[in-house]
Structures are given as C-alpha cells and as structure tokens.
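Presented below is the structure to which this report refers.
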Amino acid sequence: MPVSNDGDRATSTVVQVYLHDPVAEVARPERQLIAAARVDLAPGQHRTVVFGLHADLLSYSGRDGRRLVEPGDVELRVARSSVDVHAAVRVPVAGPRRVVGHDRQLHPVISLR
C-alpha cells in the first residue's frame, strides 16, 4: 500500500491488513487483524508497504476444535483502521484443506520500499 506525507512535518501512520472469510465452516469475525506496520515518514516522503502473508494466518478453529486452513476465496482489507478501509482484495486460497499445528507461521513479512 502506498503511503505519503504531503505535510511539512515528520509523521507516522499505521497500515493494517484485515481478513474477512465469508465461507468458513464456522462463523468468523467480520474483520480480523492479521498484519500491521508502523511507517515513519519525513516531510514529502512516499513509501510503499508490502506484506508477505503465509496461509497459516488464515487458520481458524473448526467444529472439531482443530486449527485449519481451507481452500476458497477470502478478502483482505488494507486500512488505516478497522473502519478506514482503502482497498479490498479477494484472494483465492488453493490446495487441500489442512490442519495446522503449533508450528504454524503467524508472523507476516513486512517490507518498506
């Protein structure tokens, strides 16, 4: 997500990524925060925040209590807050349904350009 500071003073902002999964086998939150990055910006500076998200971040507790990732479409919402959404992207999750364990990867890879 591109962010910029058009002002004459240094500032910072937080870019957030929320997950919406409308097709899970159990009811899920309307939006779930899965990644966030604080970006410091000098006056006139422009940056791009890039999030690398592992499929394990989509996991949830199914009916049988096990954490799983299912194939299907999810929606990722890029925002400055849960109500200030700047972009929504439908992302297909491919592959078989799988159970994830305690070794699941829950940390996004975040880079600034």
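We count residues from 1, following the sequence as given.
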TODO: Determine, step by step, whether Thr13 and Arg47 satisfy the side chain to side chain contact (heavy atoms under 4.5 Å, CB included) criterion, reporting the C-alpha distance in whole Å, the side-chain angles of both residues, the deciding distance to 0.1 Å, and the verdict.
DONE: CA-CA 11 Å; Thr13 188; Arg47 307 283 310 260; over 6 Å; no
Same cluster or not: [X] versus [Y], using hydrophobic residues (I, L, V, M, F, W, Y) connected whenever any side-chain heavy atoms lie under 4.5 Å apart?
| X | Y | value |
| --- | --- | --- |
| Leu112 | Val78 | yes |
| Val17 | Tyr60 | no |
| Val49 | Val91 | yes |

Evaluate the side-chain proximity of [Y] to [X]: yes if any heavy-atom separation is below 4.5 Å, no if none is.
| X | Y | value |
| --- | --- | --- |
| Arg104 | Ser59 | yes |
| Val3 | Leu41 | yes |
| Arg98 | Val100 | yes |
| Tyr18 | Ile34 | no |
| Val14 | Val39 | no |

TODO: Test side chain to side chain contact (heavy atoms under 4.5 Å, CB included) on Asp73 and Val93 and set out the steps.
DONE: CA-CA 6 Å; Asp73 289 348; Val93 179; over 6 Å; no
Could you list the donor-acceptor pairs under 3.5 angstrom formed by side chains in residues 23-31, with sequence neighbours left out?
{"from": "Glu25", "atom 1": "OE1", "to": "Arg97", "atom 2": "NH1", "distance (Å)": "3.0"}
{"from": "Glu25", "atom 1": "OE1", "to": "Arg97", "atom 2": "NH2", "distance (Å)": "3.2"}
{"from": "Glu25", "atom 1": "OE2", "to": "Arg63", "atom 2": "N", "distance (Å)": "2.8"}
{"from": "Arg28", "atom 1": "NH1", "to": "Asp21", "atom 2": "OD2", "distance (Å)": "3.1"}
{"from": "Arg28", "atom 1": "NH1", "to": "Leu58", "atom 2": "O", "distance (Å)": "3.3"}
{"from": "Arg28", "atom 1": "NH2", "to": "Gln32", "atom 2": "OE1", "distance (Å)": "2.7"}
{"from": "Glu30", "atom 1": "OE2", "to": "Arg77", "atom 2": "NH1", "distance (Å)": "3.2"}
{"from": "Glu30", "atom 1": "OE2", "to": "Arg77", "atom 2": "NH2", "distance (Å)": "3.1"}
{"from": "Arg31", "atom 1": "NE", "to": "Ser82", "atom 2": "O", "distance (Å)": "3.3"}

Task: Neighbour count >12 (heavy atoms, 6.0 Å) for atom CZ, Arg90 - done: yes
Task: Greater than 12 external heavy atoms within 6.0 Å of His107's NE2 - done: no
At what distance, to the nearest 0.5 angstrom, does [atom1] of [X] lie from [atom2] of [Y]?
| X | Y | atom1 | atom2 | value |
| --- | --- | --- | --- | --- |
| Leu106 | His54 | CG | NE2 | 9.5 Å |
| Leu53 | Leu76 | CG | CG | 6.5 Å |
| Thr48 | Met1 | OG1 | CE | 10.0 Å |

When you measure from the side chain of [X] to the backbone of [Y], do you find a donor-acceptor pair of N or O atoms at a distance under 3.5 Å?
| X | Y | value |
| --- | --- | --- |
| Asp56 | Gln105 | yes |
| Asn5 | Ala42 | yes |
| Arg66 | Val99 | no |

Task: Minimum-distance pair of heavy atoms, taken over all atoms of Ser81 and Ala79 - done: O-CB, 3.0 Å
TODO: List the atom of Pro71, the atom of Pro96, and the distance in Å for their closest heavy-atom pair.
DONE: CD-C, 4.1 Å
TODO: Apply side chain to side chain contact (heavy atoms under 4.5 Å, CB included) to the pair Gln16 and Leu33, showing each step before the final yes or no.
DONE: CA-CA 7 Å; Gln16 304 170 2; Leu33 181 65; 3.7 Å; yes
